[in-house]
Protein chains: 2
Amino acid sequence: MNVECHTGAVATSTLPVVSAPRSGASAACCAPLTRRPLSAEAATDLACTLKAVADPARLRLLSLVAAHEGGEACVCDLVEPLGLSQPTVSHHLKVLVEAGLLTRDKRGVWAYFAVVPEALNALAAVLAVPVAASAP
Amino acid sequence: MNVECHTGAVATSTLPVVSAPRSGASAACCAPLTRRPLSAEAATDLACTLKAVADPARLRLLSLVAAHEGGEACVCDLVEPLGLSQPTVSHHLKVLVEAGLLTRDKRGVWAYFAVVPEALNALAAVLAVPVAASAP
DNA sequence: TGTCGATATTGACAGGCGTGAATGCACCTG
DNA sequence: CAGGTGCATTCACGCCTGTCAATATCGACA
């Protein structure tokens, strides 16, 4: 497992989800995981994005940011409720941004983060099992 | 991060998804991640299940099993396409089973694995962003 | 310009995790 | 019963990662 996890695009495929917020939009937009085997490369990419989400601190960050007033929050809003140090929170936020799940908007001294719904929805779409997954 | 990741139930909440395949069904069945902050405990549980999925080998396993004839596959069907050793494949399968994402059915000498659609769908449901996540 | 406050980066450490070799176990078959 | 086969477990190793302390960077403001 030495994967780099570059930008955060998970098999961007050919059709972007909505309008590619950054470099590579988000998670595999239209590959229902089940149905047919993933290629090793596609699996690696998907795993990169999932790894970004598979952490309690980052899940709470996503949750906190989304639930925050205006749909955005700055680091100072997040440090206390998480109970982690500021550098650690900053680190997790960076991971989420690089995975395309969060956007960073620096206004003055503050950095405001907001969730990218398309990214989360794309992830959900990959995991979801289509109605007839095993019935050809 | 020292979390145990016991059975694989992610905040089973009160209403089971379909009929709890094992001990604790699967992933948080009805908590849209966004909307309101996750508790530390809920986040830990969710992360446990997500960690089980956030691995290239295990993603491919899920994919291979689901796409396999009959919707089930035994270890010997999976070792070669994955390119990993049999013990490693067995290890990954165990992780997926303990996360409630796969079922193990030992018939004679062979162990047949099948995906638990409810578990994957529940995971997807948690990640998906409801239509109006930031508009109260 | 100098200082303060908010955030990001670096360095270092401990623990977790993916991996394979070797081995054990259960079940079928002769 | 003996041998073989499919799968699980144990052990050990190395990389990855989450965390914090210390420090750097950048913008606001007097």
Side-chain angles (χ1 to χ4, degrees), chain A residues 1-6 8 40 43-44 46-62 64-65 72-80 82-99 102-114, chain B residues 1-6 8 40 43-44 46-62 64-65 68 72-99 102-114:
Chain A
M1 282 312 98
N2 194 351
V3 193
E4 283 280 340
C5 287
H6 6 51
T44 296
L46 218 196
C48 281
T49 303
L50 283 171
K51 274 183 200 298
V53 181
D55 179 273
R58 291 196 284 268
L59 283 173
R60 296 188 68 196
L61 278 177
L62 284 175
L64 284 168
V65 169
E72 60 180 13
C74 58
V75 180
C76 57
D77 295 325
L78 304 168
V79 168
E80 187 199 6
L82 239 78
L84 295 176
S85 70
Q86 174 267 320
T88 300
V89 172
S90 226
H91 162 68
H92 285 308
L93 288 170
K94 180 177 184 175
V95 172
L96 288 170
V97 168
E98 287 179 343
L102 241 48
T103 58
R104 166 187 283 119
D105 179 25
K106 189 143 193 174
R107 296 201 292 270
V109 185
W110 290 273
Y112 290 91
F113 295 85
Chain B
M1 285 314 101
N2 192 354
V3 195
E4 283 280 338
C5 287
H6 6 51
T44 297
L46 219 195
C48 280
T49 304
L50 283 172
K51 274 183 200 298
V53 180
D55 179 274
R58 291 196 284 267
L59 282 173
R60 296 188 69 196
L61 278 176
L62 283 175
L64 284 167
V65 169
H68 200 265
E72 60 179 14
C74 57
V75 180
C76 57
D77 295 325
L78 304 168
V79 168
E80 187 198 7
L82 238 78
L84 296 177
S85 69
Q86 176 266 319
T88 300
V89 172
S90 226
H91 162 68
H92 285 308
L93 288 170
K94 180 177 184 175
V95 172
L96 289 171
V97 168
E98 288 179 344
L102 241 47
T103 57
R104 166 187 283 119
D105 179 25
K106 187 143 193 174
R107 295 201 292 269
V109 185
W110 290 273
Y112 290 92
F113 295 84

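Per chain, numbering begins at 1; letters A, B, ... match sequence-line order. None of these values were measured; they are calculated from a predicted model.
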Is any side-chain heavy atom of A/H92 less than 4.5 Å from a side-chain heavy atom of A/L84? yes

To the nearest angstrom, how far is B/R60 atom CZ from C/dG18 atom C1'? 15 Å

Output, in order, the C-alpha distance, side-chain angles, deciding distance and verdict of side chain to side chain contact (heavy atoms under 4.5 Å, CB included) for A/L102 and A/L61. CA-CA 10 Å; A/L102 241 48; A/L61 278 177; 5.5 Å; no

Short side-chain N/O contact from B/T88 to OP1 or OP2 of C/dG18, under 4.0 Å: no

Side chain to side chain contact (heavy atoms under 4.5 Å, CB included) partners of A/V95, counting only residues at least two apart: A/A52, A/R58, A/H91

Using heavy atoms and a sub-4.0 Å distance, could you list which residues of residues 72-86 of chain B are near DNA chain C? By number, please. B/L84, B/S85

Rounded distance [0.5 Å steps], OG1 in B/T103 versus CG in B/L96: 11.0 Å

Expected list for residues 106-114 of chain B near DNA chain C, using heavy atoms below 4.0 Å, is B/G108, B/V109

Could you state the CG-P distance from B/L50 to D/dT17, rounded to the nearest angstrom? 16 Å

For A/L93 and C/dA8, give me the distance from atom CG to atom P, rounded to whole Å. 7 Å

Calculate the interatomic distance between A/H92 atom NE2 and C/dT7 atom P; express it in whole Å. 16 Å

From NE2 of A/H91 across to C1' of C/dG11 the rounded distance in Å is 14 Å

Testing A/L64, A/L62, A/V75 one by one against A/F113 for a side-chain contact (heavy atoms from CB on, under 4.5 Å), which residue passes? A/V75

Taking CG from A/L96 and C1' from C/dT7, how many angstroms apart are they, rounded to a whole number? 16 Å

Considering only residues two or more places apart or on different chains, which pairs with a residue in residues 76-86 of chain B satisfy side-chain hydrogen bond (donor to acceptor under 3.5 Å, both in side chains)? B/S85-B/T88

If you round to the nearest 0.5 Å, how far is OG1 of B/T44 from CG of A/D55? 9.0 Å

Return the value, rounded to whole Å, for the distance between atom CZ of B/R104 and atom C1' of D/dT9. 12 Å

Can you run down the salt bridge (charged side-chain N to carboxylate O under 4.0 Å, His left out) pairs that involve residues 102-111 of chain A, sequence neighbours left out, and say none if there aren't any? A/E72-A/R107, A/D105-A/R107

Tell me every residue that passes side chain to side chain contact (heavy atoms under 4.5 Å, CB included) with B/V109, counting only those two or more places apart in sequence or in another chain. none

Want to settle it: does A/P87 or B/K94 sit nearer the 5' end of DNA chain D, counting the closest nucleotide to each? B/K94

